[in-house]
Number of protein chains: 2
Amino acid sequence: MSKQAAVDGLCCPPLSERRVPAETAATLAPAFKALGDPVRLQLLSMIASAEGGEICVCDLTPAFDLTGPTISHHLRTLREAGLVDADRRGTWVYYRARPAILHQLAALLTVVPTGADPAPAARSECS
Amino acid sequence: MSKQAAVDGLCCPPLSERRVPAETAATLAPAFKALGDPVRLQLLSMIASAEGGEICVCDLTPAFDLTGPTISHHLRTLREAGLVDADRRGTWVYYRARPAILHQLAALLTVVPTGADPAPAARSECS
DNA sequence: TGTCAACCTAGACGAATGTCGAAACAAGCG
DNA sequence: CGCTTGTTTCGACATTCGTCTAGGTTGACA
């Protein structure tokens, strides 16, 4: 099995609802870790918000003061965390976000309005 | 000292809606990084899901095969990331989650339904 | 007041991470 | 075929991270 699988099948227990089991933590922590770098956070944002749902590496690289290999390294990290998907078409490589896992991470962090927490927008659905 | 501030005042631009600016990325990345460890993910979950909204360190430590100082170190990381708040009462120290930043992180990861349509509708400005 | 328990801080050490330059691989084009 | 451009891999380095042991600080209690 490749490095980025495993995450896809999981559902999403809200973190503040019940204690997340060790194996779920072990599965999702790498995804959060991948988001724990400002460059990768911006890269993912650029990919996820791209017109048409995908973006060329050649549009990502010049947006940072980093060398090509370094950007490639960060993209690989995002890929191995299962957050994005790469696809080579001719000379260029295009990246696409994987909404499922983003949704899963968001659901995990969602605070349900239990107790003294007047948080609106309670959404805990899980596809 | 003020290591955990800065996060509180921010608004929440959906990551897939618009490109997250560098300074927002730099501010939120440490919070994601703090979540990027299985132990801390479980710790936060135990804190956030605790009865009464808070939990004693003495209830957290025995749940892991780690020494006290190591748990303390992870709790300090969560504290400095602004994810939790500590409060000493007598002999014991109690930890409490900060729902605001969790909500903010969740909002950032929220995917606008069916990312195939990049039509911009409503966006929240954040400066 | 003395003693004990709970918790944190300090220092150390191996492992992982972020970054780079150089080189290799892939695709298009003259 | 060989050259150019775009992208990834490789090897190296400094920095950061996760964990430990040892020691310090705070508060409860006899």
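Each chain gets a letter, A, B and so on, in the order its sequence line appears, and its residues count up from 1. Side chains included, hydrogens not; waters and symmetry mates left out as well; all remaining heavy atoms used.
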Considering only side-chain heavy atoms of A:R79, which listed nucleotide, C:dA6, D:dT8, C:dG18, is closest? D:dT8
Phosphate OP1/OP2 of D:dG6 contacted by A:Y94 side-chain N/O (<4.0 Å): no
C:dT17 P sits how many Å from A:H74 NE2, rounded? 12 Å
B:D37 or A:C56, whichever maps to the more 5' nucleotide of DNA chain D: A:C56
With the side chain defined as heavy atoms from C-beta on, B:Y95 is closest, among D:dT7, D:dG18, C:dC8, to C:dC8
Any luck finding a side-chain donor-acceptor pair between B:Y95 and B:R79 under 3.5 Å? yes
By nearest heavy atom, map A:R88 and A:V39 onto DNA chain C; which one lands nearer the 5' end? A:V39
Tell me whether the OP1 or OP2 atom of C:dC8 has a side-chain N or O from B:S72 closer than 4.0 Å. yes
Thinking salt bridges, do B:D87 and B:R96 make one under a 4.0 Å N-O criterion? yes
Are the side chains of B:I47 and B:L60 in contact, using a 4.5 Å heavy-atom criterion? yes
Compare side-chain N and O positions of A:R89 against OP1 and OP2 of C:dA27 and report whether any pair is under 4.0 Å apart. no
In whole angstroms, how far is the C1' atom of C:dC20 from the CG atom of A:D65? 14 Å
Strictly distance-based, threshold 3.5 Å: is any side-chain N or O of B:S49 a donor or acceptor partner for the main-chain N or O of A:E17? no
Output the rounded distance in Å from CZ (A:R40) to P (C:dT17). 9 Å
Quick check on DNA chain D: between A:W92 and B:L66, whose nearest nucleotide comes earlier from the 5' end? A:W92
Atom CG of B:L78 and atom C1' of C:dC8: how far apart are they, to the nearest Å? 15 Å
Among C:dT9, C:dT19, D:dT8, the one nearest any side-chain atom of A:T70 is C:dT19
If each of A:K33 and B:I71 is mapped to the nucleotide of DNA chain C with the nearest heavy atom, which maps nearer the 5' terminus, i.e. the 5' end? B:I71
Using whole Å, report how far CG of A:L35 lies from P of C:dG18. 12 Å
Check this one for me: any side-chain N or O of A:H73 less than 4.0 Å away from OP1 or OP2 of C:dC20? no
Could you give the CG-to-P distance, from B:D87 to D:dG27, as a whole number of Å? 12 Å
Can you tell me how far C1' of C:dG18 sits from CG of A:L75, to the nearest Å? 14 Å
Assign B:G90 to base, sugar-phosphate, or nothing according to its heavy-atom contacts below 4.0 angstrom with the strands shown. sugar-phosphate
Whole angstrom value for the distance that separates C1' of C:dC7 from CD1 of B:I55: 15 Å
With a 4.0 Å cutoff (strictly under), does any side-chain N or O of A:T91 reach OP1 or OP2 of D:dG6? no
Where the side chain of A:T61 meets the backbone of A:V57, is there a donor-acceptor pair that is under 3.5 Å apart? yes
Using only heavy-atom distances, determine whether the side chains of A:T27 and A:T24 contain a donor-acceptor pair under 3.5 Å. no
